[in-house]
Amino acid sequence: MNRIVNLRVLLALPAIVALVFFLITCSNPEPQTDPTNPVGGGDSSSSIASGSSSSSPVQGGVSSSSGQGEDPLPPSTEPDPDSSNSGQEASSSSGAGLSSSGTSGSSAAGSSSSNKSSGSNKSSSSSVPSVANPKADFKEKVGSVEFDMIYIPGGTFTIGCEKSSGCPADAKPVSGVKMTSYYISKTEVTNALWKAVMGSEAAPPSYAQNSGSATHMDWFQALEFACKLGNMTGRKYHMITEAEFEFAAKNYKDKLSNIGSGEEWAYNQWENTHTGGTDPSGPKLDIGVDGKPILTAQKTRRDAQGTADNITGRLIRSIDGIGPALRLAVMDEKNYPTDYIPPCDIHAPVLDGEPVNSYRDPRWVTGDNSSWQPGAGTTIGSFNLKVWADGTAQYGSTPGQWFTSNNITFVFVPNTGSTVYRFAYIFLSETEGSLIPAANLMATGSFIGKIAKKASTNTKPSVTLESSAEALARKQSNFATDYQMVDMANIPASAQKQDTKIMDEDTPDAAKKGWFQDNSRAGGVHHYRKDVDPSEFRFSVNNPGGKENNPGGTGPYDRMILANGSWFTVNNTFLRVKHKDGYVVEYLYTVTPDGTFYHNSFMGYERADFRMFKKETNASWPETTCGSYCAKEIPKGLGQSMYNSMDKGKSTFVPAKCPTGGCK
């Protein structure tokens, strides 16, 4: 849902950052705005390796998610079309555990957390004997529900856009992709089949996108379905890969139904380009500190575009996003495609709450055996952080100390110098988090994006420590405004402020300004706008076409409200918006010195995904971008977001409990 770009910002940044933001824009779609087929999702793009290393904490640049060394990685190279893992190896965890028991956790020395990952799939072994594949179309039956599997003989093809011009940046063709024979379901999984396997429908029938297609499941639920279906039938069913989808769509479209009529989940770890090789399923996954692969936080969806040259579109959405349909496949000559983890071995995380509120969130501790490094998705800046429980830390090659505030703000204080590095953070699991910076994006020490805990050998630096984490926090000049411990479960009125930095109505021509994030100018579809004044916070996504979702709108454009209502901030970091009808939206945010408004989302449809906005005049946005929805202030008093009706639309924020004696 989230495309992170503002063309005017890009023009002011070095070329490398502009390139990355362009790729994000071209590859990351926005939410469906049709309430009959809602789609939530987040934004991600591949990481491109950064340039030379530095003895300072970080050099501004775009960091690769692969590798486990201490220094920034060398620039990535052009993908090899004949390599089964071309491109860089994206990594992240999003909290997904990999085990037949459904349990996973970090084993890093010194790590302590109440967050645990557990899965609902109990075993990766099938309770039904394996059956032989017929090397021809066949019918499968579960209970009274029957469906068709279409035989796809192997071959070699070019994956990606083959048009001479006008191809998306993320659809660069890769030739020589080899496919062994497989079977693909003729139709998307129907609600009837989903119910026969899972015991209940994926969503009410009104959400079905095609003739009863099951939708409204997330990526983990789709894989759980494939696991259970395989156990019931004796075949190794799996979610289609983008290569399987595209090979069938380009060569056997007339034998398939629903191709090109909507989005479908695909098993693919996000990377900058399509992946070559034999039966590719994306780049090989990194290994985490527990010795298990780290799943990427973003997954690819597929959608056929209707022409032979550009038959499929690549849609990157949050792993937690909901809405697309599901199509299945079975390999003929082997169990699974290259680097495909069996569906029964992938489990959604179950977060057990936050550690007690303290000035040292124990989830940050890496000890001697691991460090926090760039994760999957968009990462700008280098990040290598080692943290010890006694308060010692090392950021890059710089030694120092650390503390946290309310389990949402991490602060690194160097041993020498006056620069303090601050990040607002959301943990997704024991081994993955997401950061937004308080410093300008290109400033030394700044970083934005996902982080993952990876194995490393650390030497603890010698640092003169403050008497306690609280003492270190209180030593900071902005302690009273930014770092005081707050009862986040019952936020007192005294802690509820309205940070004037996020207000746009601060001049006499207030109605002529707003916060903008424009994707359409760089080839995308959607545009975002925020209007913030003392009486109401308003945030919408706008796009051409579609049906108007809000009263008073006409014309060929569409506005969907994401958040609106009364609002307050806590410690210049936490933002809560509450609609008059009760829908609550929560973010972490920062406003950097260059005037960029970042937020990191707690909302289920884009959990831990970030966006960035610049305050500009309405006249900056011609109506060809998104009509009057861009050029005029968002009206006050509109209805609440349609996400209020979805489980995945709710906030995932879990407040930290106060320590013994209370928060003070």
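Quick note: numbers below take in every heavy atom, side chains included, and nothing from hydrogens, waters or symmetry partners.
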Backbone of Glu188 reached by a side-chain donor or acceptor of Ser185 within 3.5 Å: no
Test salt bridge (charged side-chain N to carboxylate O under 4.0 Å, His left out) applied to Arg363 and Glu354, step by step: CA-CA 9 Å; Arg363 293 172 297 183; Glu354 294 284 307; 2.6 Å; yes
Intermediate values then yes/no, side chain to side chain contact (heavy atoms under 4.5 Å, CB included), Val174 and Phe157: CA-CA 9 Å; Val174 176; Phe157 81 119; over 6 Å; no
side-chain hydrogen bond (donor to acceptor under 3.5 Å, both in side chains) assessment of Glu606 paired with Ser601: CA-CA 6 Å; Glu606 58 171 10; Ser601 176; 2.9 Å; yes
Reported CG-to-CZ distance for the pair Asn335 and Arg235, which is rounded to 0.5 angstrom: 13.5 Å
N/O donor-acceptor pair under 3.5 Å between Asn191 side chain and Ala214 backbone: no
Contact check, side chains of Val289 and Thr431, non-hydrogen atoms, under 4.5 Å: yes
Contact check, side chains of Lys186 and Phe147, non-hydrogen atoms, under 4.5 Å: no
Tyr528, Phe539, Phe610 screened by ring-ring contact (aromatic ring centres under 6.0 Å, His included) with His599, the one that passes: Phe539
Atom of Met603, atom of Ser651 and distance for their closest heavy-atom approach: CE-N, 3.5 Å
Side chain Thr652, main chain Phe602, donor-acceptor under 3.5 Å: yes
Thr379 (side chain) donor-acceptor with Pro374 (main chain) under 3.5 angstrom: no
Residue pair Glu333 / Ser181, side-chain heavy-atom distance below 4.5 Å: yes
Stepwise salt bridge (charged side-chain N to carboxylate O under 4.0 Å, His left out) test for Lys255 and Asp148: CA-CA 11 Å; Lys255 300 186 67 175; Asp148 293 307; over 6 Å; no
Residue pair Ser281 / Asp339, side-chain donor-acceptor N/O under 3.5 Å: no
Close side-chain approach of Lys139 and Met149, heavy atoms under 4.5 Å: no
Flag side-chain contact, heavy atom, 4.5 Å: Glu264 against Ile240: yes
Trp265 CH2 to Trp219 CH2 distance, which is reported to the nearest 0.5 Å: 8.5 Å
Side-chain heavy atoms of Phe245 within contact of Ile259, under 4.5 Å: yes
Leu223 versus Tyr340, closest heavy-atom pair with distance: CD2-OH, 3.9 Å
Separation between CD of Glu244 and CG of Leu328, rounded to the nearest 0.5 Å: 10.5 Å
N/O donor-acceptor pair under 3.5 Å between Asn251 side chain and Phe247 backbone: yes
Derivation and outcome, side chain to side chain contact (heavy atoms under 4.5 Å, CB included), residues Trp194 and Leu326: CA-CA 10 Å; Trp194 185 279; Leu326 172 65; 4.2 Å; yes
Heavy-atom check, side chain of Asp332 versus side chain of Tyr151, under 4.5 Å: yes
Distance, nearest 0.5 Å, that separates CD of Glu586 from NZ of Lys650: 13.0 Å
Carboxylate-amine/guanidinium proximity below 4.0 Å for Asp279 and Lys178: no
Polar side-chain atom of Asn133 near backbone of Met331 as donor-acceptor pair, under 3.5 Å: yes
Donor-acceptor pair between Gln640 and Asp581 side chains, under 3.5 angstrom: no
Main-chain N/O of Val330 paired to Lys236 side chain as donor or acceptor, under 3.5 Å: no
Ring-face cation of Arg611 near Tyr587 (centre distance under 6.0 Å, axis angle within 45°): no
Inter-residue atom distance Asp137.CG - Ile184.CD1, 0.5 Å rounding: 12.0 Å
Pair His238 and Tyr267, ring centroids less than 6.0 Å apart: no
Criterion side-chain hydrogen bond (donor to acceptor under 3.5 Å, both in side chains) on Asn268 and Thr241, from CA distance to verdict: CA-CA 6 Å; Asn268 184 72; Thr241 64; over 6 Å; no
Worked verdict on Tyr237 versus Glu140 for side-chain hydrogen bond (donor to acceptor under 3.5 Å, both in side chains): CA-CA 11 Å; Tyr237 281 99; Glu140 191 78 88; 2.6 Å; yes
Worked check of side chain to side chain contact (heavy atoms under 4.5 Å, CB included) between Lys135 and Tyr183: CA-CA 8 Å; Lys135 297 187 181 299; Tyr183 307 82; 4.0 Å; yes
Full working for side chain to side chain contact (heavy atoms under 4.5 Å, CB included) between Met198 and Phe225: CA-CA 7 Å; Met198 305 294 283; Phe225 174 87; 3.7 Å; yes
Tyr336 vs Pro343 side-chain heavy atoms within contact, under 4.5 Å: yes
Non-hydrogen atoms of Phe220 and Asp218 that approach each other most closely: N-OD1, 3.1 Å
Thr180 OG1 to Lys334 NZ distance, which is reported to the nearest 0.5 Å: 4.5 Å
Backbone of Ala243 reached by a side-chain donor or acceptor of Glu246 within 3.5 Å: no
For the student: nearest non-hydrogen atoms of Ser641 and Tyr583, plus distance: CB-CE2, 3.6 Å
Backbone N/O of Ile150 and side chain of Tyr252: donor-acceptor pair under 3.5 Å: no
Minimal non-hydrogen separation, Tyr643 against Met560, with atom names: CE1-CE, 3.4 Å
Sidechain-backbone polar pair: Ser370 side chain, Lys453 backbone, donor-acceptor under 3.5 Å: no
Over all atoms of both residues, closest heavy-atom pair of Leu588 and Ile426: CD1-CG1, 3.7 Å
Charged N-O contact under 4.0 Å between Glu146 and Lys141: no
